[in-house]
Every structure is written in structure tokens, then in C-alpha cells.
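Below, chain A is the first sequence line, B the second, and so on; all start at residue 1.
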There are 2 protein chains.
Amino acid sequence: MKFDEYEKPAVTVDTVIFTVRNDSLQVLLVKRGVEPFKGNWAIPGGFVKLDESLEDAAKRELKEETGVKDVYLEQLYTFGEIKRDPRGRVITVSYLALINSDKIVLTPSTDVNEAKWFNVKHLPEFGFDHRKILNYALKRLKWKFEYTPVGFSLLPTKFKLSELQKLYEIVFDREFDKRNFSKKIHSLNFLKEVGIEKDVPYRPSKLYSLKSKVPEIIELI
Amino acid sequence: MKFDEYEKPAVTVDTVIFTVRNDSLQVLLVKRGVEPFKGNWAIPGGFVKLDESLEDAAKRELKEETGVKDVYLEQLYTFGEIKRDPRGRVITVSYLALINSDKIVLTPSTDVNEAKWFNVKHLPEFGFDHRKILNYALKRLKWKFEYTPVGFSLLPTKFKLSELQKLYEIVFDREFDKRNFSKKIHSLNFLKEVGIEKDVPYRPSKLYSLKSKVPEIIELI
DNA sequence: ACAAAAGTGTTGAGAGTACACCCATGC
DNA sequence: GCATGGGTGTACTCTCAACACTTTTGT
């Protein structure tokens with residue numbers, strides 16, 4: 001087959017954007033302004049331009065939706081069933097993003113471009129195969145939290161152990177024993193003490209930050 | 001952006017096909033008959049047709065190259081850098097396939113379509129980013145062997161424990177202790193005895209096959 | 001003194017690893 | 001009886017899970 005004569009599918013990048021706010025794991029969805037599935041909530045995404053890589057496309061979307069750059073971003077899976085989009089043949093490369101809620105500057109919603117954070121425990125109905133994509137993203141998220149230090153990208157640079165533990169409890173939706181958690185984290189030896197909490201009506205906590213050299217795969221939980 | 005006006009990248013599916021033969025882990029490569037990289041060895045693949053899913057495209061290629069269907073097949077990663085293919089913008093969805101060497105019927109090589117098995121320890125030079133794809137596939141392969149029962153797809157339905165162990169030793173390129181290996185496999189409790197070896201000049205081995213219900217994720221090594 | 005959260009140690013169970021000898025068969 | 005691979009148990013170490021009390025601070 002000649003390269004230029006080949007009839008091509010459309011390619012989109014959809015990014016499942018997670019954050020942790022208000023003691024819950026949340027995901028950013030946008031309201032569709034056009035058919036199909038007009039009015040339904042969907043995972044934000046768009047077509048890949050010819051002059052940008054897949055990752056750049058994901059970053060561009062992310063910047064447009066949340067005003068945030070320099071976030072954790074990783075490719076998930078590529079969905080390519082024939083009839084997944086009623087408009088025609090569309091292949092979607094999905095991405096996972098983690099953004100620290102302190103840094104979010106959501107651009108104000110307009111009628112055609114409404115974006116909203118949803119608690120992953122209370123998700124709306126989706127069009128396309130977005131439910132499948134989201135489930136996949138959730139599975140990967142948990143895996144990443146369990147085996148790698150990605151979780152730290154959702155915390156400020158200086159944090160307390162109890163904040164880290166809380167984060168893990170939210171993501172895994174269960175409680176951990178404070179002593180065991182502390183032991184585990186310290187044994188991994190990638191935190192450094194960087195100060196102490198001030199002006200709190202209880203015993204001040206030590207503050208930690210991540211050492212610069214941390215292995216990518218480690219067993220965390 | 002209107003759906004039909006959008007200028008689209010080309011999409012290919014490349015499949016890294018592994019087997020174990022002659023006590024080594026091998027991968028199937030094809031010799032490129034056209035520029036660019038004419039004469040170089042490459043991972044087999046081709047353009048995705050509009051009326052086939054990504055997985056179907058991978059299966060079609062696999063059938064064409066090896067004459068085998070019903071193999072283990074899984075998506076790996078999608079490579080989408082702008083300049084990865086000198087012909088133009090090409091996005092490649094990579095797949096991993098495992099095929100039992102007993103079932104291979106390689107179609108005879110012609111001058112334009114030469115295919116050959118390479119020991120993964122002695123790979124040739126590649127064009128494109130195929131080295132990167134292969135490294136990714138190797139990493140995933142090991143992960144899969146460690147945490148899931150995929151390995152069994154490379155064995156006949158009835159096999160000896162020592163054959164299973166040998167397979168693992170080849171994939172991980174190290175030896176395992178026979179007693180510990182046996183203990184581990186039996187403790188997982190997904191093998192059933194299905195007979196006994198005949199006519200061998202040594203103590204006959206028990207033959208096993210996989211139980212029908214086996215969890216997808218289990219720690220094997 | 002009280003409220004709030006921080007910090008810390010021990011014990012038992014289970015899994016992984018290291019290691020060596022006897023067994024069943026065909027020739 | 002010999003050559004070949006098959007089959008099996010024990011002891012040590014390490015990690016994980018369960019569990020409760022004292023400390024430090026601000027008010």
C-alpha cells in the first residue's frame with residue numbers, strides 16, 4: 001500500500017485527569033456541546049494535530065482545561081474498535097494525568113465548554129466508551145500508587161506523613177494503620193526531613209519532602 | 001474542528017511476536033523490502049484498515065506472518081512522536097504476541113518478504129524506533145511472566161513441571177531452584193495432574209495442565 | 001487541664017530462599 | 001548397575017499485619 005493513498009482513521013487523545021480534593025478522589029469531565037451525546041459528560045480530549053506528538057496533544061488539552069502544566073502524565077491504552085464513535089472511525093489514545101488541586105485554575109465554564117470535577121464514587125452517565133476508559137484509568141491509578149512514588153505529585157513539596165497517609169486512604173478507599181504506614185515509608189528511605197509545622201494547636205508534625213533520586217518502581221503498600 | 005476536514009496521521013499496528021525455541025527466547029522480524037531502511041530488519045506490522053479494529057489488524061498481520069491464529073495477544077503502547085517515520089506522520093500501536101513454537105508455520109520467505117526468528121540476546125540493528133518498541137515489549141513480557149499465567153500459552157496443553165521451569169529460566173535468563181519452583185507452583189493451585197510420561201529412560205514425570213479457572217493476576221516468581 | 005494530632009515498638013504468621021538426597025525407569 | 005531426570009523437606013530470614021499508649025502543642 002502506498003503511504004499517501006491510504007485512507008486514515010481519525011486519532012484523538014483523551015486525558016483522564018485526577019486530583020484529590022475535599023477528601024475525595026475526583027476526575028475532571030467536560031459537558032459535550034455538540035452531537036453525538038450532546039449534553040453528556042465526557043473525558044476531555046481532542047484531535048491530534050499533525051505537528052504535535054501524542055503527549056504534546058495531551059499536554060495542550062490539559063493546559064486548556066485546567067490551566068496547569070508540569071503535571072504527571074502517562075499514556076494508558078489505545079481504544080480502536082470500529083464503531084466506538086458514531087461519527088466515523090476514531091482511534092483514541094488515552095492518558096492519565098495527576099494534578100495537585102492547589103495548582104488548578106479552572107477556566108470559567110461557558111455554556112459550550114463546561115468542565116466539572118466529579119467524585120469518582122458518583123460518576124454520571126457517559127457517551128462513547130468513556131466509562132471503559134475511566135475504569136481502566138482508575139485501575140492504573142491504583143497500581144501506580146501501590147508500586148511507584150507518583151502519589152507525591154498530588155502533595156505540596158513539603159508535607160506531613162499524615163497527609164501522605166490520608167492521600168493513600170482516599171485513593172484506596174480504606175484505612176491504613178498509622179504505625180505500619182510510617183514504618184513502611186521510612187524503610188523505603190526516600191523522604192528527607194525539611195522542617196516542622198508551626199502554629200498548630202497540637203503537637204507539630206515533622207515536614208518531609210521527596211529525595212531527588214527515587215526509584216521508579218517500588219512497592220509502597 | 002469539523003470531523004471530516006481534519007488532516008489525519010497514518011496509523012499502523014506493529015506486533016512483537018515472541019516464542020521460545022531451542023532453549024532461547026526469540027522474536028520474529030521481517031526484512032524491509034522498501035525504503036526507508038530497506039534491507040534492515042523490522043518488527044512486522046502494517047496500516048490499520050478502516051473496517052478492522054486495532055486488535056483485528058494485529059491478528060491479521062500475525063496470521064500473514066506466522067500462519068497462526070488463537071495466540072496470546074495484548075496491546076503494549078502507542079508511539080506517536082512526530083518524526084519517528086521519515087515518510088510522514090505515523091502513529092504506531094504496538095502489540096505483544098506469544099506463540100507456541102510447535103504451532104508455527106512460517107510462510108516461506110521470498111526476496112521481498114523475508115521473515116526470521118532472532119534470539120533476543122543477539123538482535124540486529126533496527127530502523128525507526130523499533131529498538132525502543134522491542135525493549136518495551138521485553139519488559140512487559142517479563143512482567144507478565146512474573147505476575148500472570150501467560151507463560152502457559154507457550155507450552156503444549158500437557159506439560160511437565162520441568163518444562164515449565166525451563167521456560168521461566170529462559171525468559172528470565174537465570175536458574176531457579178527446582179524445589180522452590182515446584183513448591184511455589186503447587187501452592188498456587190491451578191495445575192491439575194493429567195497423566196504420566198511414557199517410554200523415557202528415567203523416572204517418568206507427572207504431566208499437568210492448567211485448570212480452567214485461573215486468576216489473571218497472580219504472583220508467580 | 002483539655003483537645004487534637006504526632007510519634008513510636010512488639011509479636012506472630014506467612015512467604016521467600018538456600019540447600020542435598022533418594023527414586024523410578026530404560027538400557 | 002548405571003545413567004538420566006523426577007520428586008521431595010527443613011531451617012532461616014524477612015516482610016506484613018495487628019495492636020495502644022505517651023508526647024507535644026495551643027487555648
Side-chain angles (χ1 to χ4, degrees), chain A residues 22-23 142-143 145-149 151 155-156 158-209 215 217-221, chain B residues 22-23 142-143 145-149 151 155-156 158-209 215 217-221:
Chain A
N22 309 331
D23 291 352
K142 288 184 185 175
W143 191 90
F145 264 75
E146 192 163 352
Y147 296 108
T148 79
L155 293 173
K158 295 181 179 189
F159 52 87
K160 311 194 268 182
L161 260 192
S162 61
E163 290 171 328
L164 182 61
Q165 183 174 341
K166 187 70 182 288
L167 176 62
Y168 271 80
E169 289 178 338
I170 290 165
V171 170
F172 288 99
D173 197 22
R174 69 184 186 88
E175 297 189 342
F176 295 101
D177 180 84
K178 189 164 60 149
R179 287 159 291 186
N180 292 341
F181 189 85
S182 160
K183 231 181 307 173
K184 179 71 185 174
I185 297 295
H186 282 121
S187 77
L188 293 169
N189 198 36
F190 53 66
L191 292 190
K192 53 179 185 227
E193 292 191 23
V194 290
I196 197 158
E197 207 179 8
K198 300 282 183 214
D199 295 320
V200 285
Y202 50 79
R203 176 172 175 175
S205 173
K206 291 175 183 165
L207 297 174
Y208 296 91
S209 64
I217 305 271
I218 41 179
E219 222 160 300
L220 264 140
I221 298 295
Chain B
N22 308 331
D23 292 351
K142 288 183 185 176
W143 190 90
F145 264 75
E146 192 163 350
Y147 296 108
T148 79
L155 293 174
K158 295 181 178 188
F159 53 86
K160 312 194 267 180
L161 260 192
S162 61
E163 291 171 328
L164 182 62
Q165 183 175 341
K166 189 68 181 289
L167 175 62
Y168 271 79
E169 290 178 339
I170 291 166
V171 170
F172 288 100
D173 197 22
R174 69 182 185 91
E175 297 189 341
F176 295 101
D177 180 84
K178 192 165 56 151
R179 287 160 291 189
N180 293 340
F181 189 84
S182 161
K183 229 181 309 172
K184 178 69 185 174
I185 297 294
H186 283 121
S187 78
L188 293 169
N189 197 38
F190 53 67
L191 293 189
K192 55 178 183 227
E193 293 190 23
V194 289
I196 195 158
E197 207 178 7
K198 300 285 183 210
D199 296 319
V200 285
Y202 50 80
R203 176 172 174 177
S205 173
K206 291 175 183 164
L207 297 175
Y208 296 91
S209 65
I217 304 272
I218 40 179
E219 222 160 299
L220 264 140
I221 298 295

Given [options], the nucleotide with the shortest approach to the side chain of [X]:
| X | options | value |
| --- | --- | --- |
| A:Pro204 | D:dG9, C:dT25, D:dT25 | D:dT25 |
| A:Asn180 | D:dG5, C:dA18, D:dA18 | D:dA18 |
| B:Arg179 | D:dG7, C:dC19, D:dA20 | C:dC19 |
| B:Lys183 | D:dA20, D:dC19, D:dG9 | D:dG9 |
| A:Asp177 | D:dC19, C:dC19, C:dA4 | D:dC19 |
| B:Lys160 | D:dA17, C:dG26, D:dG6 | D:dG6 |
| B:Arg203 | D:dT23, D:dG5, D:dT25 | D:dG5 |

Between atom [atom1] in [X] and atom [atom2] in [N], what is the gap in whole Å?
| X | N | atom1 | atom2 | answer |
| --- | --- | --- | --- | --- |
| B:His186 | D:dG9 | NE2 | C1' | 15 Å |
| A:Phe181 | D:dC19 | CZ | C1' | 18 Å |
| B:Ile218 | C:dA15 | CD1 | C1' | 16 Å |
| A:Glu197 | C:dG7 | CD | C1' | 13 Å |
| A:Phe159 | C:dA6 | CZ | P | 14 Å |
| A:Asp199 | C:dA4 | CG | P | 18 Å |
| A:Phe176 | C:dA6 | CZ | C1' | 19 Å |
| A:Lys178 | D:dA17 | NZ | C1' | 17 Å |

Establish, with yes or no, whether the OP1 or OP2 oxygen of [N] is under 4.0 angstrom from a side-chain nitrogen or oxygen of [X].
| X | N | value |
| --- | --- | --- |
| B:Ser205 | D:dG7 | yes |
| A:Lys206 | C:dT8 | yes |
| B:Ser162 | D:dG6 | yes |

Problem set entry | B:Glu219 vs B:Lys198, nearer the 5' end of DNA chain C by closest nucleotide |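 On the 5' side of the pair lies B:Glu219.
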For this session: Mind running side-chain contact (heavy atoms from CB on, under 4.5 Å) on A:Asp23 and A:Lys166 for me, showing each step along the way?
Result: CA-CA 8 Å; A:Asp23 291 352; A:Lys166 187 70 182 288; 3.2 Å; yes
Exercise. Which atom names give the shortest non-hydrogen contact between B:Asp177 and B:Arg179, and what distance separates them?
Worked result: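 Looks like OD2-N, 3.0 Å.
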For this session: Before giving the answer on side-chain contact (heavy atoms from CB on, under 4.5 Å), spell out for B:Tyr208 and B:Glu163 the whole-Å C-alpha distance, their side-chain angles and the decisive distance to 0.1 Å.
Result: CA-CA 10 Å; B:Tyr208 296 91; B:Glu163 291 171 328; over 6 Å; no
Exercise. Is a side-chain N or O of A:Glu197 found less than 3.5 angstrom from the main chain of A:Pro204, in a donor-acceptor match?
Worked result: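 Judged by distance alone, no pair lies under 3.5 Å.
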For this session: Return yes if some donor-acceptor pair links the side-chain N/O of A:Glu193 with the main-chain N/O of A:Lys206 below 3.5 Å, else return no.
Result: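 A pair under 3.5 Å: no.
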For this session: Answer with base, sugar-phosphate or nothing: what part of the nucleic acid does B:Lys184 contact at a heavy-atom distance below 4.0 Å?
Result: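 Sugar-phosphate contact only - B:Lys184 comes under 4.0 Å of backbone atoms but never of a base.
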